[in-house]
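To start, the structure under review is shown below, and the notes come after it.
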Amino acid sequence: MKKKLYVLLSALFSFLIVLLAPREAYAMHIMEGFLPPMWAAIWFVVSIPVLLHGVKSIKKLTDENPNIKMLLALCGAFAFVLSAMKLPSVTGSSSHPTGVGLGAILFGPSATSILGLIVLLFQAILLAHGGISTLGANVFSMGIAGPIVSYLAFRTLNKSGASKGVSVFIAAALGNLITYIVTSIQLGLAFPGEVGIMASIVKFLGIFAVTQVPLAISEGLLTVVIYNLLTKYNENELNELSLIREVKS
Amino acid sequence: MTMTKKNLILILMVIIITIIPLIVVKNSEFGGADGAAEEMITEIQPNYEPWFNSIWEPPGGETESLLFALQAAIGTGIIAYYFGYQKGKKQTR
């Protein structure tokens, strides 16, 4: 009886492994040269205005409030650490969190796009991870689209009375997933092949859909950890910041 | 529950989520595999040639891990400085 159960279990297990294991996913950023020039240019055109707005908003924020600079540096540092960690996932491949959710929640998406740009530049120049020609597209997915969704999710949840912890978790995790979804869309648009844009997008989505879920959860949890620390040591500054943002919007 | 306890539990959850794949999935190197996307692109559009190459690439795995560690170390340094500073500031108040 015991033996039967054992056989059954191991059969089930190996089935699951076969189902999950052999597909490899790509790391999040689009590699150097892997967008046709036209698409590379389009994403630069889309991203640059947001980046310019980001510079302005950071300047305004820090002019009015020099204390806030350190908090901004913290958000950048957090993105630096998280995007350096390639975490293993259930599909047998690795990918990394973005870490930009924190910045998005505290400073809003346009300021966060600058943080994303810094991380992406570091990785493109020193690590051949992502690329200069694809920088516009990668800034859009990781520095703009993800943070916008994180920011909106946090605001909506927070207003609807969800606890801070839950709001931060969902916002950061969702931002991570969106980044990958946008990357697939970008690749699908650029490489419709013979199957067409939609089918191509689905193909790219399929590569990482499962890979990304546990990483998104990890990113959400880690963002809550750092947010908790902030509320413990730095509640005044947080309140000040949300006050400034409320007035502005 | 204190904040520290809560955070420790959250970090423990992250560690568990990270370890599970290593135990469950056998025979995998957990490649970061930007390569898989290249494969997919060449599968969909066989005639695609990358038109731009990386300006510089780490010569090998060792240098690459050095740079990744550097990236994480810079970030961690700033984070540690920040919270140390804030804690000190709070205590002297």
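So you know, we letter chains A, B, ... as the sequences are listed, proteins then strands, and number each from 1.
- Side-chain contact between V90(A) and V210(A) is present, with heavy atoms from C-beta onward closer than 4.5 Å.
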Would you please test T2(B) and T4(B) for side chain to side chain donor-acceptor pair (under 3.5 Å) and show each step? CA-CA 5 Å; T2(B) 64; T4(B) 315; 4.6 Å; no
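- Proximity to chain B (any heavy atom under 4.5 Å) is shown, for S218(A), by both the backbone and the side chain.
- If you tally non-hydrogen atom pairs under 4.5 Å between each of E57(B), K87(B), E49(B) and chain A, the highest count goes to K87(B).
- Interface residue Q45(B): only side-chain heavy atoms are found under 4.5 Å from chain A.
- With a 4.5 Å cut-off on non-hydrogen atoms, L215(A) does not touch chain B at all.
- At a threshold of 4.5 Å between non-hydrogen side-chain atoms, the residues I114(A) and F107(A) do not count as touching.
- When each of K6(B), K90(B), M13(B) is checked for heavy-atom pairs under 4.5 Å with chain A, K90(B) comes out on top.
- Among G99(A), S89(A), A73(A), P192(A), the residue making the largest number of heavy-atom pairs under 4.5 Å with chain B is S89(A).
- Ranked by heavy-atom pairs under 4.5 Å with chain B, the first of T231(A), T134(A), L82(A), L71(A) is L71(A).
- Proximity to chain B is limited to the side chain of I132(A), based on heavy atoms less than 4.5 angstrom apart.
- For the side chain to side chain contact (heavy atoms under 4.5 Å, CB included) with L221(A), the qualifying choice from L10(B), N7(B), I9(B), I11(B) is L10(B), the only one to do so.
- Interface remark: of the candidates V81(A), L126(A), L229(A), L127(A), L127(A) forms the most heavy-atom pairs closer than 4.5 Å to chain B.
- For L35(A), the part lying under 4.5 angstrom from a heavy atom of chain B is the backbone only.
- In this structure, chain B has no heavy atom under 4.5 Å from any part of E219(A).
- Applying the side chain to side chain contact (heavy atoms under 4.5 Å, CB included) test between P97(A) and each of L222(A), L87(A), I217(A) identifies L87(A) as the sole match.
- A donor-acceptor pair under 3.5 Å is absent between the side-chain atoms of S200(A) and the main chain of G196(A), judged by distance alone.
- For L22(B), the part sitting under 4.5 Å from any heavy atom of chain A is the side chain, from C-beta outward, and nothing else.
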Would Y180(A) and S95(A) count as a side chain to side chain donor-acceptor pair (under 3.5 Å) if you check the C-alpha gap in whole Å, the side-chain angles of each, and the deciding distance to 0.1 Å? CA-CA 10 Å; Y180(A) 281 84; S95(A) 187; 2.3 Å; yes
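- At distances below 3.5 Å, at least one donor-acceptor pair connects side-chain atoms of T112(A) with backbone N or O atoms of G103(A).
- Contacts of A199(A) with chain B are absent, with no heavy-atom separation under 4.5 Å from either backbone or side chain.
- At least one side-chain heavy atom of V119(A) sits under 4.5 Å from a side-chain heavy atom of M142(A).
- Using a 30° and 60° split on the angle between ring planes, F191(A) and F204(A) fall in the tilted class, from 30° to 60°.
- Of the listed residues (F52(B), Y82(B), Y85(B)), the greatest number of heavy-atom pairs within a distance under 4.5 Å of chain A belongs to Y82(B).
- By number of non-hydrogen pairs under 4.5 angstrom with chain B, the leading residue of G131(A), G193(A), A77(A) is A77(A).
- The contact between S83(A) and chain B is made by backbone and side chain atoms together, counting heavy-atom distances below 4.5 Å.
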